[in-house]
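What follows is a single structure, written as structure tokens, with notes after it.
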Amino acid sequence: MVNGNSDKKLLQFLHSELSLSKADIAVALRHREFDQGPIPMLLWQYGLIDLQQLEKIFDWLAEHA
């Protein structure tokens, strides 16, 4: 379900910095298996994060790429 160390770090960021529940994160991970979309976009598409949080995620990804 989670691919590699970078995904684990992203999931930790989502949980600790954005206070997303493990259930919210699990929804995105389940849909990623079918949609093959990036986690941040799936979280936004399913209404689990707002645009401000999406921007924070993209900023974090840019710093940790």
Side-chain angles (χ1 to χ4, degrees):
M1 233 152 107
V2 177
N3 300 327
N5 195 36
S6 61
D7 275 357
K8 289 179 184 178
K9 288 181 181 181
L10 173 60
L11 298 180
Q12 289 172 345
F13 170 78
L14 295 173
H15 184 67
S16 63
E17 296 296 322
L18 297 182
S19 301
L20 289 177
S21 71
K22 292 184 186 238
D24 288 344
I25 295 168
V27 167
L29 292 175
R30 276 195 305 273
H31 286 280
R32 184 172 75 164
E33 292 177 7
F34 301 109
D35 297 338
Q36 298 299 313
I39 293 171
M41 292 305 297
L42 292 171
L43 289 168
W44 180 69
Q45 286 177 327
Y46 289 99
L48 301 170
I49 61 172
D50 59 28
L51 283 175
Q52 183 180 10
Q53 291 170 309
L54 184 61
E55 287 179 21
K56 285 183 183 180
I57 295 169
F58 286 142
D59 290 343
W60 184 90
L61 287 169
E63 290 176 16
H64 294 87

Approximate separation, where rounding is to 0.5 Å, of His64 NE2 and Lys9 NZ: 7.5 Å
Side chain proximity check, Leu11 to Ile39, heavy atoms < 4.5 angstrom: yes
Phe13 versus Lys56, closest heavy-atom pair with distance: CZ-O, 4.1 Å
Smallest separation among heavy atoms of Ile49 and Gln53, with atom names: CA-OE1, 3.1 Å
Heavy atoms from other residues, nucleotides or ligands near CH2 of Trp60 exceed 12 (cutoff 6.0 Å): yes
Side chain to side chain, Lys22 and Ile25, heavy atoms closer than 4.5 Å: no
Any side-chain heavy-atom pair of Leu18 and Leu43 under 4.5 Å: no
Residue pair Ile57 / Leu10, side-chain heavy-atom distance below 4.5 Å: yes
Straight-line distance of Arg30 CZ to Leu42 CG, nearest 0.5 Å: 12.0 Å
Minimum heavy-atom distance between Leu54 and Pro40, given as atom pair plus value: CD1-O, 3.5 Å
Shortest non-hydrogen contact between Asp50 and Trp44, atoms and distance: C-CD1, 4.1 Å
